[in-house]
Student: 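Once you've had a glance at the structure underneath, I'll fire off some questions.
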Amino acid sequence: MLKKNISSNKIFTIGSLYQWALASCVIITLPLVFAVIFTVIEVTNYTEQSQRTLFQTVNTTESSRLILNRLISMERSIRQFQVLNEPELFSAYQDHRTRFLDILMSLKIQGQDPVLVKKLEHLQLDENQLYQIILFKYKTPPLTGADLNAFDPLSTQARLLLSEGEKRVALEATALSAIAKNVQEKLIYSALASIPLALLFGLIFVHLLLRPIKKISLAIRNLGEVGFEQPISIKGPQDLVELGVHLEWLRQRLNQLEDEKQQFIMNISHELKTPMATLKEGTDLLAENVVGELNAEQQEIIQLMELSNITLYDLVANLLEYQKIIYTKADLDLSVFELNTLIDRIIKDYQLPLKSKNITLKSNLNIFYIRADYDKLKIIISNVFSNALKFSPQNGTIGLTLSDHDHLIQLNIEDQGLGIPKNIQPLIFDDFYQGSSPQAWTIKGSGLGLALVKHYLEVHNGSITLLKPNKKYCGARFSLLLPKNMET
């Protein structure tokens, strides 16, 4: 049955805890991965753009410088040829011109600025006109200085190209600085967006993972504190769903065991009630000498039987009351009566155990009327008093004090026993909890007395408190508080 439930729950789950953790890591890192990719792309684009721009600008500037140098070399060579009229100098001039044209053509091909290309074309045209003049005069001399003065405007144009190139380098550097700042801002915004987004995804997944774990923790705590009635259903990773199914099976099993326990308590209590009544009646008949006069030893045995009857009666009564509060609502049958009279009646019921242990009873009971449930209040006081009697030493003293505080009545029941150790004080009101009982008390209790006391006091809007021992009463000191007028 358990395997069937587990397999059916798998249909409604999405992956295991490992898969959830892996998916959460992937999703959490996605914003950071996108930020890194965006950063790489932006930096790469900026680097390529800056390299391309700087290369073009620097190349243009350097080519302009070379053009100027070649023009100067051309002018120097042709002027030397004019003076010396040596063919080698004219060849040098032509060689410088060839390199000049190569640089000019290369710069025109690489140039992306139409203005620059136009200026280069104008420079080339002016130089070509000068070359035609020089070539003509070379064939039909003489070549005059006036002819060569045309180099001056060509040099001026080359210097302007160089100056503009240097200015363009500065402008491109400023533009690249602005682009770099823009890229930096984008990267900062990317980081500021991706980190909170990753944290948000992380918090969402932590919540999704912790929610079923907290629900499991709550379910386990409820099993220990509340009971086994509320079904357990866990949604989330497959591993936690399967754990929830196991817990549900455990809850059902514990619930079944609890029902069996309560049924057993009910059966055993009712089964014991009839023979106990017969035993008590027989013991009373023997104690009253109905069947004949008893000797001293027989009277002593009858007293022991009567003590045992009282103890057994308290045990069965507690079992029946516990079974009653488990299966039915503790309705109150309210009436007005004297609380001190009820306490006196309880003390009379325990006269035989008091005499057998030679217990001294010191009571200070003022007369108080109270509106409460008589039978349940009797159970409350009887259980606390019987505990004091049970744990009191031989020849000890039990104190009973009844007083009022505003609208509350306080009943203190104190003994001179060994007291209750601090480590078990939080447990004494739990169902079926039993402390160490004295060897003289031969029949062990059920562990339900104080649990019933606390339950019935809460129903009456009252409370029970364990006081610290004092010099007079070194054992357990219980203080019971009850409202004078219990409202329906």
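Remember, it's a predicted structure, so these values are computed and weren't measured experimentally. Atom set for the values below is all heavy atoms of this structure, side chains included, hydrogens, waters and symmetry mates excluded.
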Student: Closest heavy-atom contact between Leu192 and Pro196?
Tutor: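 Heavy atoms only, the tightest pair is O-CD, 2.6 Å.
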Student: Search all heavy atoms of Leu71 against all heavy atoms of Ala158 and return the closest pair with its distance.
Tutor: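 Minimum heavy-atom contact is CD1-CB, 3.7 Å.
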Student: Between Arg251 and Glu248 (salt bridge meaning N to carboxylate O under 4.0 Å), is one present in this structure?
Tutor: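 Yes, charged N to carboxylate O under 4.0 Å.
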Student: Measuring from atom OG of Ser463 to atom CG of Leu457, what distance do you get when rounded to the nearest 0.5 angstrom?
Tutor: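 Result: 7.0 Å between the selected atoms.
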Student: How close do Pro426 and Lys422 get, heavy atom to heavy atom, and via which atoms?
Tutor: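 In terms of heavy atoms, the two residues are closest at CD-O, 3.5 Å.
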Student: Test your reading of the model: is there a side-chain donor-acceptor pair from Thr156 to the backbone of Asp152, 3.5 Å cut-off?
Tutor: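 Judged by distance alone, yes, a pair lies under 3.5 Å.
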Student: For the pair Glu127 and Arg97, find out whether any cationic side-chain nitrogen is under 4.0 Å from an anionic carboxylate oxygen.
Tutor: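 Salt bridge between Glu127 and Arg97, a charged N being under 4.0 Å from a carboxylate O: yes.
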Student: Provide the closest heavy-atom pair for Cys474 versus Pro469 in the form atom of the first, atom of the second, distance.
Tutor: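 Reported closest heavy-atom pair: O-CB, 3.6 Å.
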Student: Grab the two heavy atoms, one from Asn423 and one from Leu427, that are nearest each other, plus how far apart they are.
Tutor: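 The pair with the smallest heavy-atom distance is O-CD1, 4.4 Å.
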Student: Are any side-chain N or O atoms of Glu414 and backbone N or O atoms of Gly475, one a donor and one an acceptor, separated by less than 3.5 Å?
Tutor: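 No.
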Student: Apply side-chain contact (heavy atoms from CB on, under 4.5 Å) to residues Ile370 and Leu482 and explain how you reach the verdict.
Tutor: CA-CA 9 Å; Ile370 189 171; Leu482 283 163; 4.0 Å; yes
Student: Under a 3.5 Å cutoff, is there a donor and acceptor pairing between the side chains of Gln410 and Asn412?
Tutor: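 Side chains of Gln410 and Asn412: pair found under 3.5 Å.
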Student: Within this structure, what is the OG-CD distance for the pair Ser91 and Gln94, rounded to the nearest 0.5 Å?
Tutor: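 Spacing of OG (Ser91) from CD (Gln94) equals 6.0 Å.
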Student: Between Phe81 and Phe90, how do the two ring planes meet: parallel, tilted or perpendicular, split at 30° and 60°?
Tutor: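 Tilted, since the angle between the ring planes falls between 30° and 60°.
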Student: Counting only N and O atoms by type, is there a donor-acceptor contact under 3.5 Å from the side chain of Arg477 to the main-chain atoms of Lys468?
Tutor: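 A pair under 3.5 Å: yes.
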Student: Give the C-alpha distance, both sets of side-chain angles, the deciding distance and a yes or no for side-chain contact (heavy atoms from CB on, under 4.5 Å) between Ile464 and Val384.
Tutor: CA-CA 10 Å; Ile464 181 170; Val384 179; 4.3 Å; yes
Student: Measuring from atom CG of Leu120 to atom CD1 of Ile103, what distance do you get when rounded to the nearest 0.5 angstrom?
Tutor: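 Output value for this atom pair is 11.5 Å.
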Student: Would you say CG of Leu89 has more than 12 non-hydrogen atoms from neighbouring residues, nucleotides or ligands within 6.0 angstrom?
Tutor: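 More than 12 within 6.0 Å, yes.
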Student: Between Asn69 and Arg65, is there a donor-acceptor pair closer than 3.5 Å when you use the side chain of the first and the backbone of the second?
Tutor: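 Yes, because the side chain of Asn69 sits within donor-acceptor range (under 3.5 Å) of the backbone of Arg65.
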Student: Quick check for you: to the nearest 0.5 Å, what is the distance between Ile413 atom CD1 and Ser479 atom OG?
Tutor: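 Reported to 0.5 Å precision, the distance equals 9.5 Å.
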Student: Heavy-atom count check: over 12 atoms from other residues, nucleotides or ligands less than 6.0 Å from His405 NE2?
Tutor: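 Correct, the count exceeds 12.
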Student: If we only count heavy atoms from C-beta on, is the Thr465 to Phe478 side-chain gap below 4.5 Å?
Tutor: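 No - every pair of side-chain heavy atoms lies 4.5 Å or more apart.
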Student: Looking at Ile379, is its backbone amide N or carbonyl O close enough to the side chain of Asn383 to form a donor-acceptor pair, meaning the two atoms are under 3.5 Å apart?
Tutor: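 Yes; at least one donor-acceptor contact below 3.5 Å.
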Student: How long is the gap from CG on Leu123 to CD1 on Ile67, to the nearest 0.5 Å?
Tutor: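 Answer for the CG-CD1 pair, Leu123 versus Ile67, is 6.5 Å.
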Student: Side-chain contact test, heavy atoms from C-beta onward, threshold under 4.5 Å: evaluate it for Glu121 versus Leu125 and give yes or no.
Tutor: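 A side-chain contact is absent here, since even the closest heavy-atom pair is not under 4.5 Å.
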Student: Got Gln157 and His122 here, is their nearest side-chain heavy-atom distance under 4.5 Å?
Tutor: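 Yes, side chains in contact.
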Student: Does a side-chain heavy-atom distance below 4.5 Å link Tyr131 with Tyr93?
Tutor: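 Side chain of Tyr131 against side chain of Tyr93, heavy atoms only: contact under 4.5 Å found.
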Student: Looking at side-chain heavy atoms only, is the closest gap between Leu332 and Val459 below 4.5 Å?
Tutor: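 Answer yes - side chains close enough.
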Student: Say whether, by atom type as modelled, one donor and one acceptor occur between the side chain of Asp404 and the main chain of Ile409 under 3.5 angstrom.
Tutor: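 No, because the side chain of Asp404 does not come within donor-acceptor range (under 3.5 Å) of the backbone of Ile409.
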Student: Would you check, one step at a time, whether the test side-chain contact (heavy atoms from CB on, under 4.5 Å) holds for Leu148 with Ile134?
Tutor: CA-CA 8 Å; Leu148 301 180; Ile134 292 173; 4.1 Å; yes
Student: Would the distance check show the side chain of Ser155 and the main-chain N or O of Phe151 forming a donor-acceptor pair, the cut-off being under 3.5 Å?
Tutor: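 Yes, because the side chain of Ser155 sits within donor-acceptor range (under 3.5 Å) of the backbone of Phe151.
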Student: Would you give the length of the straight line joining atom CG of Leu408 to atom CG of Leu480, rounded to the nearest 0.5 angstrom?
Tutor: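 Reported to 0.5 Å precision, the distance equals 12.0 Å.
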Student: Quick one: do Phe100 and Leu66 satisfy side-chain contact (heavy atoms from CB on, under 4.5 Å)? Show the steps, please.
Tutor: CA-CA 8 Å; Phe100 165 78; Leu66 291 174; over 6 Å; no
Student: Is Asp373 reaching over with its side chain to a backbone N or O of Asp333, donor-acceptor style, under 3.5 angstrom?
Tutor: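 Checking the backbone N and O of Asp333 against the side chain of Asp373, a donor-acceptor pair under 3.5 Å is found.
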Student: Is any side-chain heavy atom of Lys484 less than 4.5 Å from a side-chain heavy atom of Arg371?
Tutor: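 When only atoms from C-beta onward are counted, Arg371 and Lys484 do not touch, as no gap falls below 4.5 Å.
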